[in-house]
Enquirer: 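Dumping the structure here so I can ask a few things about it.
So that the names make sense, note that chain A is the first sequence line, chain B the second, and so on, each numbered from 1.
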There are 2 protein chains.
Amino acid sequence: MSAEDMPLSAKEIYYKIKDNNPHLKLSTIYRNLNVFEKNNIVRKLNINNVTESYFELIKENHHHHLICISCGHIQDIECPFDDYLDKLEKKNNYEVTDHRLTVYGICHQCKKDDK
Amino acid sequence: MSAEDMPLSAKEIYYKIKDNNPHLKLSTIYRNLNVFEKNNIVRKLNINNVTESYFELIKENHHHHLICISCGHIQDIECPFDDYLDKLEKKNNYEVTDHRLTVYGICHQCKKDDK
DNA sequence: CTCGATGCAAAAGATTTGCACCCGA
DNA sequence: TCGGGTGCAAATCTTTTGCATCGAG
């Protein structure tokens with residue numbers, strides 16, 4: 001798996017790899033992705049109204065996603081939370097382990113194209 | 001569908017309804033949920049590491065979710081965003097249409113039970 | 001009777017799994 | 001030779017769909 005910018009679905013990875021590894025099957029990709037996920041190398045993302053899962057390399061910098069509902073483009077956004085999660089944790093008597101923020105919208109390009 | 005507190009999966013709805021409506025099939029439930037979703041009566045949720053979709057009634061108050069990864073309990077949390085999304089919109093030249101925040105953790109009860 | 005809702009069974013699509021095989025250490 | 005990784009095919013699970021039927025108006 002290369003240092004891809006954008007998260008990819010298993011099938012996208014499959015087609016991307018196909019040329020160089022014509023024999024690599026989709027099941028193998030899923031198998032490896034699962035191993036990677038268990039070892040915190042990739043993270044699985046679920047996107048609204050999209051049936052397949054997407055996978056992204058876990059980078060050093062914690063971030064979230066801004067997704068164009070028109071073209072499907074995904075970009076990273078900074079985590080806006082400072083002490084919010086600590087407060088939430090205390091307020092609800094939870095031990096917070098993870099959080100996901102996903103913002104959906106229409107990107108600049110798609111706004112233009114739509115006109 | 002009753003005024004359920006917690007989001008339910010199609011199957012959970014199915015079993016919940018079964019006693020009173022023994023003939024109602026899962027496919028019908030999916031069909032109705034899809035209609036409800038199109039008409040903004042229910043919202044479909046994707047939860048990390050959970051394969052089925054969950055459905056919640058759309059309430060007046062905009063909110064997000066705090067989910068216990070141990071027992072699966074889901075509770076509403078307030079939306080912490082004030083002008084953040086406006087800024088994000090401008091900064092990225094997006095037209096923001098939706099956003100989801102999901103916080104995962106271990107609830108008080110599960111923390112206790114684990115000991 | 002007519003139309004929309006539902007039952008029913010099969011299809012579709014994503015993901016997983018069992019088993020056999022192959023290849024490198 | 002051994003063990004892990006992969007191919008392959010089938011299974012599994014969720015969700016959707018086509019078609020026939022049922023029932024309220």
Enquirer: Using whole Å, what does the distance between atom P of nucleotide C:dT16 and atom CZ of A:F36 come to?
Expert: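 In whole Å, C:dT16 P and A:F36 CZ are 14 Å from each other.
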Enquirer: Does A:N34 put a side-chain nitrogen or oxygen below 4.0 Å from OP1 or OP2 of C:dT15?
Expert: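 No, outside the criterion.
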Enquirer: Quickly work out the A:I47 CD1 to C:dA14 C1' distance and round it to whole Å.
Expert: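 Checked: the CD1 to C1' distance equals 15 Å.
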Enquirer: Side chains of A:M6 and A:H73: closer than 4.5 Å at any heavy-atom pair?
Expert: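 Side-chain contact under 4.5 Å: yes.
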Enquirer: Determine whether B:I106 and B:V50 fall in the same hydrophobic cluster, where Ile, Leu, Val, Met, Phe, Trp and Tyr are linked whenever their side-chain heavy atoms lie under 4.5 Å apart.
Expert: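 As far as the 4.5 Å side-chain criterion goes, B:V50 and B:I106 are connected within one cluster.
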Enquirer: Go through residues 24-32 of chain A and report each residue with a non-hydrogen atom lying under 4.0 Å from DNA chain C, sorted by number.
Expert: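 Result for residues 24-32 of chain A: A:S27, A:Y30, A:R31, sorted by number.
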Enquirer: Atom CG of B:N49 and atom P of C:dT16: how far apart are they, to the nearest Å?
Expert: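 Roughly 11 Å, once rounded to whole Å.
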Enquirer: Select from A:S53 and B:P22 the residue whose nearest nucleotide in DNA chain C is closer to the 5' end of that strand.
Expert: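 So the residue in question is B:P22.
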Enquirer: Report the distance from atom OH of A:Y14 to atom C1' of C:dT15, rounded to the nearest whole Å.
Expert: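 From A:Y14 OH to C:dT15 C1': 15 Å.
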Enquirer: Between atom CD in A:E37 and atom C1' in C:dT16, what is the gap in whole Å?
Expert: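 Value for this atom pair: 14 Å.
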Enquirer: For B:E56, run the salt bridge (charged side-chain N to carboxylate O under 4.0 Å, His left out) check against B:R100, B:K44, B:R43 and tell me which one passes.
Expert: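 Filter result, single survivor: B:R43.
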Enquirer: Can you tell me how far C1' of D:dT6 sits from CG of A:L33, to the nearest Å?
Expert: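 Distance check: A:L33 CG to D:dT6 C1' gives 15 Å.
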Enquirer: Could you tell me how far apart B:K11 (NZ) and D:dT15 (C1') are, to the nearest whole angstrom?
Expert: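 Result: 11 Å.
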Enquirer: Show which side-chain atoms of residues 31-40 of chain A pair as donor or acceptor with protein atoms under 3.5 Å away, not counting sequence neighbours.
Expert:
{"unit_1": "A:N32", "atom_1": "ND2", "unit_2": "A:T28", "atom_2": "O", "d": "3.3"}
{"unit_1": "A:N34", "atom_1": "ND2", "unit_2": "A:Y30", "atom_2": "O", "d": "3.3"}

Enquirer: Side-chain heavy atoms nearer than 4.5 Å, only ILVMFWY residues, links allowed to pass through others: does that put A:L88 and A:L101 together?
Expert: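 Same cluster: A:L88 reaches A:L101 through Ile, Leu, Val, Met, Phe, Trp or Tyr contacts under 4.5 Å.
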Enquirer: Keeping the roles fixed (side chain from B:E95, backbone from A:G105), state whether a donor-acceptor pair exists under 3.5 Å.
Expert: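 No, the answer is negative, given that no donor and acceptor are paired below the 3.5 Å cut-off.
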Enquirer: Can you give me the closest heavy-atom contact between A:Y54 and A:I47, atom names plus distance?
Expert: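 Nearest heavy atoms, A:Y54 then A:I47: CD1-CD1, 3.9 Å.
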Enquirer: Kindly point out which of D:dT14, C:dT15, D:dT16 is positioned nearest to the side chain of A:E52?
Expert: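 It is C:dT15.
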Enquirer: What integer distance in Å separates B:I13:CD1 from C:dT6:P?
Expert: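 Those two atoms, CD1 and P, are 14 Å apart.
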